[in-house]
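As a basis for the values below, the full set of heavy atoms in this structure was taken, side chains included, without hydrogen atoms, waters or symmetry mates. Note on naming: letters A, B, ... go to the chains in the order of the sequence lines (proteins, then strands), and numbering restarts at 1 for each one.
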There are 2 protein chains.
Amino acid sequence: MTTTQVDQRVSLAVSTVIFALRPDPSTGRQTLWLPLVRRIREPYEGKWALPGGPLEAHEDLAASARHTLERTTGLGDSYLEQLYSFGAVDRSPDRVVSIVYWALVRPDEDARAIDGENVEWFVADDVPDLAFDHDDIVRYALDRLRAKITYSPIAHAFLADEFTLAELREVHEAVLRKSLDPANFRRQVLAGRTIEPTGTCLTGTSHRPPALYRAAARPEEIAR
Amino acid sequence: MTTTQVDQRVSLAVSTVIFALRPDPSTGRQTLWLPLVRRIREPYEGKWALPGGPLEAHEDLAASARHTLERTTGLGDSYLEQLYSFGAVDRSPDRVVSIVYWALVRPDEDARAIDGENVEWFVADDVPDLAFDHDDIVRYALDRLRAKITYSPIAHAFLADEFTLAELREVHEAVLRKSLDPANFRRQVLAGRTIEPTGTCLTGTSHRPPALYRAAARPEEIAR
DNA sequence: CCACTTAGAGTGAAGATGACTCTAAGTCCT
DNA sequence: AGGACTTAGAGTCATCTTCACTCTAAGTGG
């Protein structure tokens, strides 16, 4: 029962899948991107991994995820939600359980992003072979995001405070990777009462000015 | 930064919300019950708490939850799913993060249940004041169960291998605490293709014998 | 053999969904 | 100035789903 007491402890890490919408380099259309960190020590030295770190004794889980977000992108204010906890015995040479969050970064924040040490962004559906079980985690996060956007108003989290219906639709299209009918999308979203008109219109477009909307309730309040 | 190194470590526990359907003592209708364990040491000595324990270095998260199930009820084979991880700094005097699973116990299993040490069952919607943040956890589990049963075939997990549509409906009614139209329930469930007829009927009823069904796919495969 | 109970099929109104058309309100070009 | 162009946003209609309800089927118990 008692071999080496040192390696017997289970350690706890918090990792964060940070999603932002940026143009696809080939098609030019908006797609999901995420930042990865190159590992600078064993195990998996040289491989890409999700940003994260050990949970400090004085910080909450979400706070740890927020610190990771800050360290990786320089950003602070983003939607954050717990995704899942991964704890298979063999997922790492040393026993570590990872509690994974996801962050959805707004475009106005994303514009100010400054990559941290050894950080590089990748198209979320086309990441390289990752360290540990991080491939599984990214896939799981994508599945969940695509499922959740259809029944929950998280799409707001990818937008600034005020936005047009076209922008909201573009978020859905980018996440789901398919185009949606503008008229039907409008009807459905308005029926859901999750957004409300600000009363103003966006000006400066080369066509009819679209109305601006804001979120009627913060997405946090409409968790699953 | 460094005060007492001993208390600085974060420890990890796995707790399990074990749900079973049993008759309500007052109304006699099926309701959700769960077992709690009386704490025999500080903190919260004497209070009721969710069953669980520290994560052992050699066991997976789900395995730990399964051990808790075994220790608490004597049962082994039940549906098990990860619920959420709770890690607020102040949820316990010593810093502990709890990864919470839920188990759904089938009636044939439940009949064989043997309560462990200091274990007592309670109506899930009427639990006493619990230790730590376990009140929140129970509430969260109930919310999730009620939400999930409407779009996922987890209700099977509360039934034996073969069951009638009336039994499946009773599970839904017990969880949601409202009665459902038998005819519409039948149509919806059959349209979902999640169950298939065994070809046999249940006999011995004092009325028309109902057809028996089985799950078409294990609920595990239809996670969210 | 008739009353009673639950199984399971069917019906019609109301609501949601999806493909599509049409008008509104701007800018850009000539 | 005026027409072409673009996107906003309302409206139409057929189809599908949902829900409350009715009706017949098939057993048991008196």
*Asks:* When all nucleic acid strands are considered with a 4.0 Å heavy-atom cut-off, which category describes B:Ala191: base, sugar-phosphate, or nothing?
*Replies:*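 Result for B:Ala191 = nothing.
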*Asks:* Taking B:Asp133 first and then B:Arg91, would you say they form a salt bridge - that is, a charged N and a carboxylate O separated by under 4.0 Å?
*Replies:* yes
*Asks:* Looking at B:Arg146 and B:Val175, would you say the former's side chain and the latter's main chain have a donor-acceptor pair under 3.5 Å?
*Replies:*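 Such a contact is found between B:Arg146 side chain and B:Val175 backbone.
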*Asks:* Does the ring centre of B:Tyr79 sit less than 6.0 Å away from the ring centre of B:Trp102?
*Replies:* no
*Asks:* Starting at atom CG of A:Leu168, determine the distance to atom P of D:dA8, rounded to an integer number of angstrom.
*Replies:* 12 Å
*Asks:* Between B:Ile195 (CD1) and C:dG8 (P), how many Å, whole number?
*Replies:* 10 Å
*Asks:* Report yes or no: is the cationic atom of B:Arg39 (NZ for Lys, CZ for Arg) closer than 6.0 Å to the six-membered ring centre of B:Trp48, at no more than 45° off its axis?
*Replies:* no
*Asks:* Rounding to a whole Å, what distance do you find between B:Arg186:CZ and C:dA7:C1'?
*Replies:*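 Computing the B:Arg186:CZ to C:dA7:C1' distance gives 6 Å.
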*Asks:* Is any NZ, NE, NH1 or NH2 atom of the basic residue among A:Lys148 and A:Glu81 found under 4.0 Å from an Asp or Glu carboxylate oxygen of the other?
*Replies:*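 Here A:Lys148 pairs with A:Glu81 in a salt bridge, since their nearest N and O are under 4.0 Å apart.
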*Asks:* A:Phe163 has an atom CZ; how far is it from atom C1' of D:dA8, in whole Å?
*Replies:*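 Value for this atom pair: 16 Å.
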*Asks:* Should A:Thr73 and A:Val105 count as side-chain neighbours, where that means a heavy-atom distance under 4.5 Å?
*Replies:*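 SC-SC contact between A:Thr73 and A:Val105 ruled out.
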*Asks:* Spell out protein contact along nucleotides 17-30 of chain D as letters: B when the base is contacted, S when just the sugar-phosphate is, - when no protein heavy atom is under 4.0 Å; keep the 5' to 3' order.
*Replies:* -BBBB---BBBS--
*Asks:* Using whole Å, what does the distance between atom P of nucleotide D:dA10 and atom CZ of A:Phe185 come to?
*Replies:* 14 Å
*Asks:* Whole angstroms only, please: what is the CG-C1' distance between A:Leu212 and D:dG9?
*Replies:*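 Checked: the CG to C1' distance equals 15 Å.
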*Asks:* Can you measure B:Leu165 atom CG to C:dT6 atom C1' for me and round it to whole angstrom units?
*Replies:* 12 Å
